[in-house]
Structures are given as C-alpha cells and as structure tokens.
There are 2 protein chains.
Amino acid sequence: MARAGLTTETLVRAGAELADEIGFEQATPTELARRLGVRTASLYSHVRNAHDLKTGIALLALEELADRASEAVAGRAGKDALTAFADAYRDYALQHPGRFAAARYRLDPEAAASSAGARHAQLSRAVLRGYDLPEPQQTHAVRLLGSVFSGFVGLEGAGGFRHSAPDAQESWTAILDALDSLLRTWPARS
Amino acid sequence: MARAGLTTETLVRAGAELADEIGFEQATPTELARRLGVRTASLYSHVRNAHDLKTGIALLALEELADRASEAVAGRAGKDALTAFADAYRDYALQHPGRFAAARYRLDPEAAASSAGARHAQLSRAVLRGYDLPEPQQTHAVRLLGSVFSGFVGLEGAGGFRHSAPDAQESWTAILDALDSLLRTWPARS
DNA sequence: GTGTGTGCCTAACTGGGTTAGGCAACCTGT
DNA sequence: ACAGGTTGCCTAACCCAGTTAGGCACACAC
C-alpha cells in the first residue's frame, strides 16, 4: 500500500480547504480522512485529536489574515489604510468562510500565545497611527474597529443582510466613511 | 415509574439553563436528558431532533432579548436610548452566555420567520429616531450598531479583552460615547 | 374498576472520535 | 544488493452522541 505522505502541515492545509468547502464545524477528522483517501485512525499520528486539528486550522487562518492585513496596510495611511485593512479582513472572510470561522475558534492559552494575535493587535494600532489618538482612546478605538469588522463580517456571513436592501457592500462603504470621520473627531471625554 | 411531565416548553427552558451553565454547543440532548433524570430517547416525543431543540433555545433567546431591549428603549430617546439598548444587549450576553450564543445560531428560513427578528429590527430603528438620519443612511447606521454590539460582545465573551488594560467596561462606555457623537454628525456622503 | 391514550421506557443502529498494536514500505549503511 | 531499524498507515476495538421502532404502564375518562 502506497504511503500517502501525510504530515501535520498537509492535514492542516487540507483541513482548511475542507472547512472552506463544507464549513468549519463539519470539517471533522472523519471527513478529512475520506478526502485524503486514508483511514481516520491514520490521522492520529500527526494530530493529537480533533481539537488539535481545529486549532491548527485556526492558527493557519490567523497567520494568513495577518499576512493579508499587513500587506494591505503597508505604505498607506489614514483612511486609505483603514479601508485597505478593513477590506483585507472582509475579503478574506468572504473568500474563505471556513478558515475565517476557524480564526474565531476558541484557543487555549498556549495556542493563543503562539498565534498571530500580537501581529493583529500591532496592525490595528498601525492603522490608527494616522489618526493620532492619545491613550487610552487609542485602545478603545482598536476595540471599536475590531468589534465593527468582526461583527459586520459575522452578520454578513450569517446572512443577516441578505434579505434587505441596500446590499451589504453599500453599507460597508458607508460604515467605513463613518468610521473614518469618527476617528478624525473622536470625542475627548464626557 | 413516575412521569416527568415533559413538554416542548420544559425542554427548551431547561436546555436554555443548561446552555448558560455549560455552553450552547455542549447543551446536547444527552446531557439535557441526564439533567432531567430521563432517558435520551424520551426527549424525541417532544422535539424532533437536536437541531430542533437548539432552534427552540435560539427562538427563546431572541424573544427574551427583544423583551429586554424593548423595555430598555421605552420612554427614552437619543443617547439615553442608545445606551440603554446597548446595555440591555450586552448585559443579556454576560448574564446568559449560552442563550446569547443560541441567539446567533443559524436558523432555517421557516424558524427565522417565526422569530423575534422583526422586533429587533424595529427596535434598532426606534433608537435611531432621536438622531434623525435619512434613508439609506439609517439602514447603514442600523447595521453599524448591530455590528458593533454583536462584535464587541462576541469578542468580550471570547476573552478578547481579558488580558489587556483597560477593562472592557471602560471601552464599552467610550465606544457608546463615540457612537453617539458619530450618529449626531453622520457624514452625508463622500 | 375498566378501558384508552400516550409518556417514557428498552433495545438497537448509525456515525464520529480515539487508542492499541501490527505489518510493510522506506531509508540507511555496508 | 541487502539487512537493519524506523515509521507510516492499517485493522480492530471501544466509547459516546444522536436517532428510530416498538412496548409497557401510568393517568385520566367513564
């Protein structure tokens, strides 16, 4: 019997493809093994268990997302940077729904530490450089941006905007305009 | 053997409790039956299957959330209404994490139609009455609010703000200030 | 007290996740 | 070219969740 040449890397990448096709939750070891033409038990030489596999996919997705965001922000500032950053995020979610769902998978502290989480935080702050906010407003703004992007994309993916006009793209543009305007005039403190 | 007096209603309410205690995903028919001192198969006289049970919990949560939001918005306007609405949403999520997760459960169109979805949409628009935005800006603003609240609460629940200062409450307040200010000066169009 | 309906049961099956242990394909050195 | 060890993938087995079919007995209606 020919060896399939599995590695942890292979499994995680194939798992990510699978997640994009059938959904992150449905990307089980059993289904993955089926796709790879291999018995389920064979996966367990390369990943500890199902959770481990999912964690691997999540880490891959976070890395890819950070790569794209980083590419988007490079050489841009102000609203340009904000828009490019936001679009990188949303486009990734639309092109890779399974991976994006994975990126929201709850990581245990150990996995979280080895994740691209820190890069994401840095990138958000880089976007805000053009707006010149003092601490702690900058942290609040980072959290606002994270909330809006994650919330919008989550709702869009769940079909929340599908059955009402205008379409999601239009709202997305308007919301980015609004955020830009907000960041330029962030209220000092009430 | 004494009858347990199960009904669909009982199961859904017990399921909601269970979800709050151990998580929505973990609130399985098996575990629910254990809690109720009943065999798993016995549940199937009252709910069609596991998905049906989860849908029931989701509908309950959406109803409860709409009740709270409605109560919060009544008799308030402008920033008052915005804050009360937002807090109702967030407080519910903090007090009932399982139910809140259920509220984000993907419903099939039939269930969605019978859900409190329409009430939620109405309530968002009611909050915005005080800000007097023309269409289509109002729709964009509704979607922005939905995105921010759902995103923030989602990130907070996932522990996204737990390991950095300042604490989530402070950012929440700042973000509501910022949103109020944004809504009062929403950019006409670029 | 008897009959009837139905609530919860037992039994059995499907399918996913996981572990233990074995066989054979590959690599390494001669 | 071949013998050694290594290791990749296998078979076999088990557990646990979800689900269905069918039966017993409790509770109410008379």
Side-chain angles (χ1 to χ4, degrees), chain A residues 1-60 98-99 101-102 105-108 110-111, chain B residues 1-60 98-99 101-102 105-108 110-111:
Chain A
M1 187 139 299
R3 299 199 178 184
L6 304 181
T7 65
T8 303
E9 174 87 10
T10 317
L11 294 188
V12 168
R13 302 209 93 90
E17 300 287 340
L18 186 57
D20 283 337
E21 286 175 39
I22 64 173
F24 182 58
E25 288 309 319
Q26 281 65 51
T28 68
T30 300
E31 185 57 29
L32 180 57
R34 246 195 289 274
R35 297 289 183 106
L36 294 170
V38 138
R39 295 300 169 135
T40 306
S42 306
L43 306 184
Y44 287 81
S45 312
H46 308 282
V47 293
R48 265 204 306 281
N49 50 37
H51 175 253
D52 197 40
L53 174 64
K54 292 194 168 189
T55 298
I57 299 174
L59 293 176
L60 172 66
R99 284 156 146 100
Y105 187 60
R106 187 78 121 115
L107 297 175
D108 27 66
E110 157 203 28
Chain B
M1 187 139 295
R3 300 197 176 187
L6 305 181
T7 64
T8 303
E9 173 87 12
T10 316
L11 294 188
V12 168
R13 302 210 93 90
E17 299 287 340
L18 185 58
D20 283 337
E21 287 175 39
I22 65 174
F24 182 59
E25 288 309 319
Q26 281 65 51
T28 68
T30 301
E31 186 57 30
L32 180 56
R34 247 196 289 276
R35 296 288 184 106
L36 293 170
V38 138
R39 295 300 168 131
T40 305
S42 306
L43 305 185
Y44 286 80
S45 313
H46 307 283
V47 293
R48 264 205 307 281
N49 49 39
H51 175 253
D52 197 40
L53 174 65
K54 292 194 167 189
T55 298
I57 300 174
L59 293 177
L60 172 66
R99 284 157 145 98
Y105 186 61
R106 185 78 119 116
L107 297 175
D108 27 65
E110 157 204 30

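So that the names make sense, note that chain A is the first sequence line, chain B the second, and so on, each numbered from 1.
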N/O donor-acceptor pairs under 3.5 Å from side chains in residues 15-39 of chain A, not counting sequence neighbours:
residue	atom	partner	partner atom	Å
D20(A)	OD1	G98(A)	N	2.9
D20(A)	OD1	R99(A)	N	2.9
D20(A)	OD2	H96(A)	ND1	2.9
D20(A)	OD2	R99(A)	NH1	2.7
E21(A)	OE1	R35(A)	NH1	2.9
T28(A)	OG1	E31(A)	N	3.1
E31(A)	OE1	R34(A)	NE	3.0
E31(A)	OE1	R34(A)	NH2	3.2
E31(A)	OE2	R35(A)	NE	3.4

Below 4.0 Å: OP1/OP2 of dT7(D) and any side-chain N or O of H46(A): no
Evaluate the side-chain proximity of I57(B) to L60(B): yes if any heavy-atom separation is below 4.5 Å, no if none is. no
Just the rounded figure in Å: distance from P of dC10(D) to CG of L36(A). 10 Å
Would you say that T55(A) contacts V47(A) through its side chain, given a criterion of any heavy-atom pair below 4.5 Å between the two side chains? no
Quick note, S45(B) side chain, CB onward, closest among dT19(D), dA20(C), dC8(C) is dC8(C)
Could you give me the CA-CA distance, side-chain angles and deciding distance for L59(B) and L107(B), then say whether side chain to side chain contact (heavy atoms under 4.5 Å, CB included) is met? CA-CA 9 Å; L59(B) 293 177; L107(B) 297 175; 4.0 Å; yes
May I ask you to list the residues of residues 9-35 of chain A, by number, that have any heavy atom positioned under 4.0 Å from an atom of DNA chain D? none
d(CG, N49(B); C1', dG15(C)) in whole Å: 16 Å
CZ of R106(B) to NE2 of H51(B), rounded to nearest 0.5 Å, is 10.5 Å
Is there a side-chain contact between L43(A) and L11(A), using heavy atoms and a 4.5 Å cut-off? yes
Please report the distance, rounded to the nearest Å, between OH in Y44(B) and P in dG18(D). 6 Å
Over how many whole Å does the gap from L43(B) atom CG to dT19(D) atom P extend? 10 Å
Distance, rounded to the nearest Å, where R48(B) contributes CZ and dT19(D) contributes P: 11 Å
Taking 4.0 Å as the cut-off, does a side-chain nitrogen or oxygen of S42(A) come that near to OP1 or OP2 on dC10(D)? yes
Without decimals, in angstroms, what is the distance between R39(B) CZ and dA11(C) P? 9 Å
